[in-house]
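Some notes on the structure that comes next.
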Amino acid sequence: MPRQLTAALAALLLTVIPWAATPASAAPRAAEQVLTWTADDDITRYKSAPTQAVAGATTIIWENSAATGNTTGMPHTLTFDTTTEGYNHDVTLNILANPFDANDGRHQAAVTLTPGRYRYFCTIPGHSQMVGELVVTDGGGGDDTTAPTVTGAVSGDRDQDGNYIAAATVTVTATDTDSGVETVEYQVDDTSFQPYTQPVRVTAIGDHSVQFRATDQAGNTSAVGSVSFRIVEPTQEDTTPPVVTAALSGDRDGDGNYVGTATATLTATDAGSGVATIEYSLDGGAFTAYANPIVVNAVGMHMLHYRATDVAGNTSAEQMEHFTVVAPPAEDTTPPAVSATVTGERDGDGAYVGGATVTVTATDDESGVAKIEYALDGGGWTAYTSPVTVRAPGAHTVRYRATDTAQNTSAEQSTTFTVVADGTDACPESDTRATVVIDGDDTGVANVDTGDGCTINDLIDEHANYAGHAQFVRHVEAVTTALVTGGTLDRRQQGAIVRAAARSDVGA
């Protein structure tokens, strides 16, 4: 508001008040209570205001000045409501104050309060949230034996160690719900107590302690409270802006796009006065204070601009990141398609002569095939990595299934076939030891010929190459299951052979 308009408004307000506000230099009478209101640049509340008082002669101090934090010349009024039902209407008070008026924003007035409630507010348009209540008791003390509650708060610019730079301001607040506060006093560094009328500014470099106390209308004095702090000299002027960076994270596709969501985390450092704020602008929007990682899930290309400002007011050059968010693929709920073919030489009855080879194939058009498994006869499930050849004579069943990356597993399928001996010696260099021996472990089971010139040891083939020990054990389970089906072994003998295979190091 221009100074001329402020001065004109002040003159108008003071004209309609029959007891014009007096300068702050006029001291209140000793018997009167003193109530102080203060304001700063905020238009939503008074900076400080009393809540309790006692009936009787009262000096009201209203300060809206540079000392109370008004740095822009913002005008405010202190006005007592004389129309709203339910409040006292016997005090007419309407003072306009700003740091540029004749009293430098500090005014006082003498009034007489009566028991009840007073409502006060600011009459300047746009300041409607500045409102409060003052409760007035009949005073006199009575049975009041409780001392006031008094607190102190320190404010000012601070460095990274918590020290106050150049100056600190101590604001003392006292309340008393019974007879009301009579006086508030303070002292700096154990000097001597003096009346507290406005926030105390301390500028001497070093460690300080401010003590304070309050006395109510009944004569009860609070215990002495205190706040301690350190004031340090201002550091060398900081002219270097912060360094600010951005890190993007999220699931990405093969083209580098973020699938579903991208998250931007901003970080700033400043070796001088320290970082004050980080700001960002997304897709041309207004700059916004950064507090938490920025989550972007709107599909499309995005531009993120960001900057940081330090305590000294230096702002970094704007930085920029661009990225694209794409929609996540639809959820895969369809299992793979899986099939098997059996190949080999067949006789007139359709049996496979000398052996049959089973090839399993799986496809998945969505998330893709993750694994294929098979089980031979009564054996357990085994990872399928290459075609499976079955040479043991007899009827066989191969079960198979496939699982995709989304963990959908196909229904189990199977194929059956019969293998017959080809009438030749399939193992001309046969292992003819009397018993089945695996890795030096004698099972005690007879190492008989299985019908095509091969013994059980030949079929187990412990010296072949296996992908791992588990694959070898699975192979032994399949071979012995076929021999049980064909009547060469019984279940007890099969168990002895499989346990020896499990104990061995073959394939390890």
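The figures here come from the full heavy-atom set of this structure, side chains too, leaving out hydrogens, waters and symmetry mates. Here, residue 1 is the first one in the sequence, and each next residue gets the next number.
Here the side chain of His322 pairs no donor or acceptor atom with the backbone of Met320 at under 3.5 angstrom. Under a 3.5 Å cut-off, the side chain of Thr58 and the backbone N or O of Gly56 do form a donor-acceptor pair. Looking at Asp216, its side chain never comes within 3.5 Å of a backbone N or O of Ser179 through a donor-acceptor pair. Tyr306 places no side-chain N or O within 3.5 Å of a backbone atom of Ile278 that could act as its donor or acceptor partner. For Tyr118 (side chain) and Thr114 (main-chain N/O), a donor-acceptor pair under 3.5 Å exists by modelled atom type. Side-chain atoms of Asp159 come within 3.5 Å of backbone atoms of Asn163 as a donor-acceptor pair (strictly under, hydrogens ignored). For the pair Asp283 (side chain) and Met303 (backbone), a donor-acceptor distance under 3.5 Å is present. A donor-acceptor pair under 3.5 Å is absent between the side-chain atoms of Thr112 and the main chain of Ala57, judged by distance alone. The backbone N or O of Asp332 sits less than 3.5 Å from a side-chain atom of Asn408, completing a donor-acceptor pair. Distance alone, capped at 3.5 Å, places no donor-acceptor pair between the Tyr400 side chain and the Glu373 backbone.
Looking at residues two or more places apart in sequence or on another chain, you find no ring-ring contact (aromatic ring centres under 6.0 Å, His included) involving Phe121. Residues forming a ring-ring contact (aromatic ring centres under 6.0 Å, His included) with Tyr258 (at least two apart in sequence, or on another chain): none. Applying the salt bridge (Lys or Arg N to Asp or Glu O under 4.0 Å) test to Glu366 and every residue at least two apart in sequence or in another chain returns nothing. For Tyr466, the ring-ring contact (aromatic ring centres under 6.0 Å, His included) criterion is met by Phe472, His475, not counting sequence neighbours. Scanning for ring-ring contact (aromatic ring centres under 6.0 Å, His included) contacts around His305 gives an empty result, with sequence neighbours left out.
Side chains of Gln471 and Asn465 form no contact here, defined as non-hydrogen atoms less than 4.5 Å apart. No side-chain heavy atom of Gln194 sits less than 4.5 Å from a side-chain heavy atom of Gln187. A 4.5 Å side-chain heavy-atom check between Thr265 and Ile294 finds every atom pair outside the cut-off. In this structure, the side chains of Leu266 and Tyr280 come closer than 4.5 Å at one or more pairs of heavy atoms. In this structure, Asn94 and Thr123 have side chains that are in contact, with non-hydrogen atoms separated by less than 4.5 Å. Proximity of Val369 to Asp404: side-chain heavy atoms (C-beta onward) are nowhere separated by under 4.5 Å. For the pair Leu96/Ile124, a side-chain contact is recorded, criterion being any heavy-atom separation below 4.5 Å from C-beta on. Contact check for Val54 versus Gln33: side-chain heavy atoms found under the 4.5 Å cut-off.
Closest of all the heavy-atom pairs between Val150 and Ala214 is CB-CB, 4.2 Å. Counting all heavy atoms, side chain and backbone alike, Arg252 lies closest to Val259 at C-CG2, 4.0 Å. Of all heavy-atom pairs spanning Ala39 and Trp62, the tightest one is CB-CH2, 3.6 Å. Taking both residues in full, the closest heavy atoms of Tyr384 and Val360 are given as OH-N, 3.1 Å, listed atom of the first, atom of the second, then distance. Taking each heavy atom of Gln217 and Val181 in turn, the nearest pair found is NE2-O, 3.6 Å. Pairing each heavy atom of Thr51 with each of Thr175, the nearest pair is OG1-CG2, 4.5 Å.
At a cut-off of 3.5 Å, with distance as the only test, no side-chain donor of Thr38 or Thr68 sits close to an acceptor on the other residue. Side chains of Ser367 and Thr405: a donor-acceptor N/O pair is absent below 3.5 angstrom, by distance only. Side-chain atoms of His76 and His127 form a donor-acceptor pair, as typed in the model, at a separation below 3.5 Å. A donor-acceptor contact closer than 3.5 angstrom is absent between the side chains of Thr333 and Glu331. Remark: the Ser155 side chain and the Thr169 side chain contain no N/O donor-acceptor pair separated by less than 3.5 Å. A donor-acceptor contact closer than 3.5 angstrom links the side chains of Thr215 and Thr221. Judged by distance alone, the side chains of Asp189 and Ser209 never bring a donor and an acceptor atom under 3.5 Å apart.
Relative to the ring axis of Phe287, Arg307 places its NZ or CZ within 45° and under 6.0 Å from the centre. At least one test fails for Arg474 against the ring of Trp381: distance under 6.0 Å to the centre or angle within 45° of the axis.
Remark: Leu248 CG to Leu304 CG distance equals 7.5 Å, nearest 0.5 Å. Taking CG of Asn88 as the reference point, atom CG of Asp81 lies at 10.5 Å (rounded to 0.5 Å). Between the OG1 atom of Thr191 and the CZ atom of Phe193 there is a distance of 8.5 Å, given to the nearest 0.5 Å. The distance from atom CG of Asp310 to atom OG1 of Thr277, rounded to the nearest 0.5 Å, is 9.0 Å. Atoms CZ and CD1, from Phe80 and Ile95 in turn, are 9.0 Å apart once rounded to the nearest 0.5 Å. The line from CD of Gln108 to CG of Asn103 is 9.0 Å long, rounded to the nearest 0.5 Å.
Counting non-hydrogen atoms of neighbouring residues, nucleotides and ligands closer than 6.0 angstrom, the CZ atom of Arg230 reaches no more than 12 such neighbours. The neighbour count for Asp251 CG, taken as heavy atoms of other residues, nucleotides or ligands under 6.0 Å away, does not exceed 12.
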**Q.** Pair Arg119-Arg117, side-chain contact (heavy atoms from CB on, under 4.5 Å): steps then yes or no
**A.** CA-CA 7 Å; Arg119 178 179 180 270; Arg117 295 186 305 154; over 6 Å; no
Q | Chi angles and distances behind the side-chain contact (heavy atoms from CB on, under 4.5 Å) call for Glu133, Tyr87 | A | CA-CA 9 Å; Glu133 290 186 2; Tyr87 293 94; 2.6 Å; yes
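Sorted by first then second residue, the ring-ring contact (aromatic ring centres under 6.0 Å, His included) pairs that include residues 197-227, not counting sequence neighbours, are His208-Phe229.
Of the candidates Asp41, Asn70, Asp104, Asn70 is the only one forming a side chain to side chain contact (heavy atoms under 4.5 Å, CB included) with Asn64.
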